[in-house]
Amino acid sequence: MADLTNDFLGIKSPNPFWLASAPPTDKQYNVERAFRAGWGGVVWKTLGEDPPVVNVSSRYGAVTYNGTRVAGFSNIELITDRPLEVNLREIKEVKRAWPDRALVVSLMVPCNEESWKAILKRVEGTEADGIELNFGCPHGMSERGMGSAVGQVPEYVEMVTRWCKQHSRMPVIVKLTPNITNILGPARAARRGGADAVSLINTVQSIVGVDLDLMAPLPTVDGKGTHGGYCGPAVKPIALRMVAEIARDPECRGMAISGIGGVSTWRDAAEFVSMGAGNVQVCTAAMTHGFKIVEDMISGLANWMDGKGYRRTDDFLGAAVPNFVDWQHLNLNYKVIAHIDQDLCIRCGKCHIACEDTSHQSIAALRDENHRRRYEVIESECVGCNLCMHVCPVDGCITMRPVDTGLPYADWTSHPNNPMRRQAAE
Amino acid sequence: MTSGPDIRTGRLSPQALSTGFGDAHPPLDHRQAVIEASRCYFCYDAPCVEACPTSIDIPSFIRSIATGNLAGAATTILESNIMGGMCGRVCPVEELCEEACVRNAQEAKPVRIGLLQRHATDWLVGAGIQPFVRAAPTGRRVAVVGAGPAGLSCAHRLAVLGHDVVVFEAREKPGGLNEYGIAAYKTPEDFAQKEVDFILSVGGIELRCGQALGRDVTLSDLRRSFDAVFLGIGHNAVRALGAEGEEMDGVMNAVDYIAGLRQARDKAVLPVGRRVVVIGGGNTAIDIATQIRRLGAEDVTIVYRRGPEHMSATWKEQEWAQTNGVRIKHWAQPRRLVGWPANGAKPHVKEVVFEYTQLDDRGRLTGTGDTFALPADQVFKAIGQYFVPSALHDGVAAEPLELAGDRIAINADRETSLPGVFAGGDCVPGVDLTVSAVADGRIAAEAIDRRLRADILRD
């Protein structure tokens, strides 16, 4: 039976599912409900200096895709709008009542050493397990020189991280913004500053939609809108790639990663772990469905691990990282072609029209002797792009089958069409 | 023991009647429609389109619903089928578009195309949008006989194409079987008239009710006074049982009773028997049986001379009747009707004696000789309607219309043997469905338009 207990920077939790710093972790009431539901840990919603910020009404926008609610989610909420003292008192009470759960505190104060020094002392007094530096919030706070305004400047990331390591005994997690050209810049800066871990991604700057009656970006506040932070299932691919980029970077080696971004199911979590995340943080899925979803995350991950023979998440931590390579190292002599299982085919023709209109004209639309539709792959034309497989609505109907080209591994670095190719003699 | 027929009015409370004759299949709300629409795969060369007699571009209209473009969805439907609203309610979709849906192969659960079609067209009519603009007037006039689905479909298309149309309708109201034939719970809230109003609102169509062919107008007159004629005159006769005693009191044509029911402002005034026998196997049999149950009949039995697979009512209709407490007996034919003692007056039916049937070695239906009797206070005949061509023979027509069997013979353009006279709907060969009648009307209108435009060019 899989053992899901998690050790992240020495912070123990019964499972790798933490709630991210966000509205679900804003106060004792929510956090205790989360712990009762089974969540392994939380990152308390970001604390700042008093007086607290104020928030607007309304705060969230969402993308509904083909009738599916909250395929993408956007918020314009700021950090906690409650007094620091109240949050600290509640954090202390919760940690005392739930010693087996991870409780990390997210922080964001102005970029001067005294401010950080002051708040670190007070957080230490709560006996929280660690801190997460919010260098990611892309709206509101960034306009005041905090959040992603720090995260976008590697020198600041390094500087603040160093202060925190100097003035605190607590493990330091640096939360990174994706609103940057190269994620390795701030990740390496965090490493240089002494960070124990990075967590990513924070939300992506976005306008989630436009109210075409008000002619204003969503969500609207009295007829106006502002850019928000985008998250939810839609951002998972962006997050996975950034996590993997850091995981394979030699300069970041040894620094732990907490994976965030659209984690909605156990499978998402397994993917993040395989790409190098020691645990995952969840927000949108919980905000969409409530805390109970963690039950399936736990049992789903354990059951999958049992099937694969993994005892602990460490057994497959980063297992997919070595296979994440640059394009130039892909084997150009490997070939797959589409195969349609005629018994499973429901004859919708989607593979045909996708290939015919937008790809390589390699699926023929035919009629059999009974005038029934029949779609057949023209194998000589198929380049193995996978498009038909993706548009086919029937699981397993179209599969991509390797064909033996009889050619050895050869990649772009030595290809004759590559003007910068390595010479064979080298 | 009762000593006579048990037929009464007002068997059910007004509330029960109102529930029973409300919308049998309630419409989708917007959210349900979007979810259902997103189940559509937007197939290439979609089989549902091929299965639709009016070739509605179903994937396109469903995609428009999914994107919130309801006006676009409704227009796509109505361009192919001006009675898309009624067809969304009454089409046997389980044998047409929904049977063809590829989701059947995948999960035995087709996209609910009929309900989606209704959603889009109801929205458009409710919004008061007129999506059609008439073409420049051609100065040509066409007579349409019959304001049922075939006639109105033809009239609408002709009007849109710029021709002026006069529609002659024998009954008081337009709509044909939509108004007088279809089960009440399929088209509540006077939908049939609302749809007719919508169709006529395009302009260029003059409706003359109470004008019957062969009585008030003749085909020869129409041919002389108009540039073309379309006949959408439907059935005009009900088949007889051929059983002894069928002229007794209490024995009625199902279509006549349904027409009365559809026109009754208060359904409590309709006479309803306690035990009712319906003879036939089509949708009319289902409709009369279910409606008489919903009027309060206690025992309702449909008797059909062949098996369930031979019934022209679809499996879904048969299930619907059974769900409503109607018993369906197969493999029996009526032999004779027995009346209550009448002392020389016209007797009232008391029971129907049936003979069991079977197929012989050569596949012909024969009686087995064994019989049974069903008590009946009311008997409804629903074994089919047909077309009597006498109305077409006005005594002055030099050339008679050619028939195919007992219907008017037509070619692919829906033109009859008389040049310039077209026909469609239940009076021509083919399946008797609203949707096929609409298709006939549209095809004929387009053929008439081509003919008239060619004439204009020659002039």
Side-chain angles (χ1 to χ4, degrees), chain A residues 62-72 209-213 218 233 288 338 340-368 370-378 387-398, chain B residues 27-53 55 57-73 95-113 115-116 119-120 123 127:
Chain A
V63 171
T64 297
Y65 189 75
N66 273 0
T68 301
R69 298 275 198 199
V70 201
V210 175
D211 185 321
L212 289 176
D213 297 318
L218 290 164
T288 310
I340 300 172
D341 183 333
Q342 297 294 341
D343 293 334
L344 290 177
C345 177
I346 60 171
R347 290 157 226 289
C348 67
K350 292 194 75 75
C351 57
H352 163 76
I353 202 62
C355 191
E356 192 70 14
D357 279 355
T358 69
S359 288
H360 297 86
Q361 296 74 48
S362 49
I363 296 181
L366 310 170
R367 293 280 179 146
D368 68 13
N370 300 319
H371 202 61
R372 264 162 58 93
R373 291 162 175 76
R374 184 179 172 88
Y375 299 94
E376 282 182 8
V377 176
I378 305 165
L387 176 63
C388 54
M389 180 182 77
H390 291 303
V391 301
C392 175
V394 182
D395 290 339
C397 177
I398 298 184
Chain B
L28 300 174
D29 68 23
H30 182 62
R31 173 114 196 106
Q32 291 168 324
V34 168
I35 291 171
E36 191 60 23
S38 57
R39 295 184 63 235
C40 172
Y41 288 138
F42 199 65
C43 293
Y44 166 76
D45 186 20
C48 53
V49 177
E50 206 169 280
C52 174
S55 305
D57 185 347
I58 293 164
S60 289
F61 97 67
I62 292 180
R63 184 161 177 78
S64 292
I65 291 176
T67 68
N69 176 14
L70 288 175
E95 292 188 341
L96 297 172
C97 53
E98 291 186 15
E99 184 184 45
C101 180
V102 299
R103 279 210 180 245
N104 284 307
Q106 191 179 20
E107 55 178 350
K109 193 165 171 259
V111 174
R112 288 183 292 172
I113 300 168
L115 279 171
L116 287 171
H119 181 73
W123 179 87

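Residue numbers begin at 1 in each chain, while the letters A, B, ... track the order of the sequences.
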| task | Could you pull out all residues at least two apart from A/Arg367 that satisfy salt bridge (Lys or Arg N to Asp or Glu O under 4.0 Å)? | result | B/Asp45, B/Glu50
| Got a sec: does the CG of A/Asp395 have more than 12 other heavy atoms crowding it under 6.0 Å? | no
| request: Can you establish whether the number of heavy atoms outside B/Arg63 located under 6.0 Å from its atom CZ is more than 12? | output: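 No, not enclosed.
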| Under 30°, 30 to 60°, or over 60°: which ring-plane class applies to B/Tyr44 and A/His352, parallel, tilted or perpendicular? |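 B/Tyr44 vs A/His352 ring planes: tilted.
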| Contacts of type side-chain contact (heavy atoms from CB on, under 4.5 Å), residue B/Ala108, not counting sequence neighbours |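 Not a single residue meets the side-chain contact (heavy atoms from CB on, under 4.5 Å) criterion with B/Ala108.
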| task | Measure A/Tyr375 against the heavy atoms of chain B and call it side chain, backbone, both or neither at under 4.5 Å. | result | side chain
| query | Can you say whether A/Ala365 sits under 4.5 Å from chain B via the side chain, the backbone, both, or neither, judging by heavy atoms? | reply |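 Interface part for A/Ala365: side chain.
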| Of all heavy-atom pairs between A/Ile346 and B/Val102, which one has the smallest distance, and what is that distance? |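 Closest pair (atom of A/Ile346, atom of B/Val102, distance): O-CG1, 3.1 Å.
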| task | For each of A/Gly349, A/Cys351, A/Cys397, A/Pro393, tally heavy-atom pairs with chain B at distances under 4.5 Å, and name the one with the top tally. | result |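 Option with the top pair count is A/Pro393.
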| request: Report the option among A/Thr68, A/Val394, A/Leu344, A/Val391 that has the most heavy-atom pairs separated by less than 4.5 Å from atoms of chain B. | output: A/Val394
| request: With a 4.5 angstrom heavy-atom cut-off, could you sort out which part of B/Pro47 is near chain A: side chain, backbone, both or neither? | output: both
| request: Select one option (side chain, backbone, both, neither) describing which atoms of B/Ala66 are under 4.5 Å from chain A's heavy atoms. | output: neither
| chain A-proximal positions within residues 29-42 of chain B [heavy-atom distance under 4.5 Å] | B/Arg31, B/Val34, B/Ser38, B/Tyr41, B/Phe42
| task | Quick one: which residue pairs count as a salt bridge (charged side-chain N to carboxylate O under 4.0 Å, His left out) with a foot in residues 343-356 of chain A, not counting sequence neighbours? | result | none
